[in-house]
Amino acid sequence: MISLIVHGGAWDIPDDAVEAHRKGCSVALNIGWKILRSGGSAVDAVEQVVRSLEDDETFDAGRGSHLNAIGQVELDASIMNGRSLRCGAVAGLHCIRNPISLARKVMDESEHVLLVGDGAERFASEHDIELCDPQDLVTMRERERWSAVQGKENFTTKDAFRHQKAASDTVGAVALDKDGNMCVGTSTGGTFNKYPGRVGDSPLIGCGTYADNEVGGVSTTGWGEAMIKVVMAKTVIDLMEANGGVAQVAAERSIEILKRKAEGFGGVIVMNARGQFGIAYNTPRMARAYINAEMNEPFIAA
Ligand code: GLY
């Protein structure tokens with residue numbers, strides 16, 4: 001059964017931003033669904049879905065991402081093919097509009113899994129991925145948000161998540177194609193006001209992203225430091241493998257583990273090998289959308 005699920009972050013999405021989150025997820029879902037319905041691959045669907053979310057300034061991915069402590073955008077992404085377990089990831093990018101496409105190039109055209117910073121951007125220029133001006137990734141909304149906390153020494157990401165005030169718009173997608181192949185991709189600008197060079201869960205295979213045709217796929221969003229501590233995406237996969245493939249139970253249990261063991265906040269989208277969904281989060285809201293071959297209409301919510 002072809003199937004697709006996407007997310008656009010889990011946090012206290014303000015009322016006046018809910019519609020933009022729903023719309024962004026809906027547009028991206030449609031793009032991926034057309035690819036899957038016309039017989040395209042899960043890898044193509046995930047790349048195009050995540051590119052759409054990166055291009056939408058609503059989200060913390062691509063242009064519009066949060067700024068780090070010195071006012072720069074630094075982007076991370078990963079992609080994984082559940083058929084071969086091949087994967088590609090990039091981190092600490094300043095000049096790439098669509099990190100998911102660079103992550104795919106790393107997966108398809110390199111012998112490595114994770115490239116960072118200058119090396120990743122060098123690899124991009126050698127593989128037909130255009131570099132942009134770093135300022136092209138910065139929006140007025142994020143510049144103002146960043147300016148408002150400068151000089152406030154007591155600002156910490158942990159407190160922001162604890163008080164449900166951390167914006168957490170990491171994006172991701174899980175797709176299953178007609179050949180039974182699963183792919184997962186995740187892309188982010190990371191946490192707001194992060195230390196320069198900080199890397200979260202999104203580009204780490206097993207933390208932000210995991211795909212295994214035999215079990216399913218997972219993409220995460222939320223506070224990366226906590227997600228890393230519990231190896232979030234692979235934890236969901238292991239729970240699902242142990243429970244016979246019940247995606248929703250694995251999703252809920254993983255969020256309970258995240259909170260209890262790492263005081264973490266966030267959400268997961270999950271798909272089992274049969275194309276059935278699981279979604280769980282412990283934030284006030286999560287932007288998500290899904291559709292599979294058994295549904296007449298997509299489900300969209302934020
Ligand atoms: N979950 C995204 C990050 O913490 O970077």
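Atoms within each ligand, like the ligands themselves, are counted from 1 in listed order.
Side-chain contact check for Asn181 and Asn81: no donor-acceptor pair (N or O, by modelled atom type) lies under 3.5 Å. In this structure, a donor-acceptor pair under 3.5 Å is absent between the side chains of Asn68 and Asn193.
In this structure Asp201 satisfies the side chain to side chain donor-acceptor pair (under 3.5 Å) test together with Thr220, sequence neighbours excluded. The side chain to side chain donor-acceptor pair (under 3.5 Å) check on Glu142 picks up His66, Arg145, with sequence neighbours excluded.
Within 6.0 Å of CE on Met140 lie no more than 12 heavy atoms contributed by other residues, nucleotides or ligands.
For ligand 1, the protein residues within 4.0 angstrom (heavy atoms only) are Thr170, Thr188, Gly190, Thr191, Arg198, Gly200, Asp201, Ser202, Gly222, Gly224.
The stretch residues 96-125 participates, sequence neighbours left out, in these ring pair (Phe, Tyr, Trp, His ring centres under 6.0 Å) pairs: Phe123-His127.
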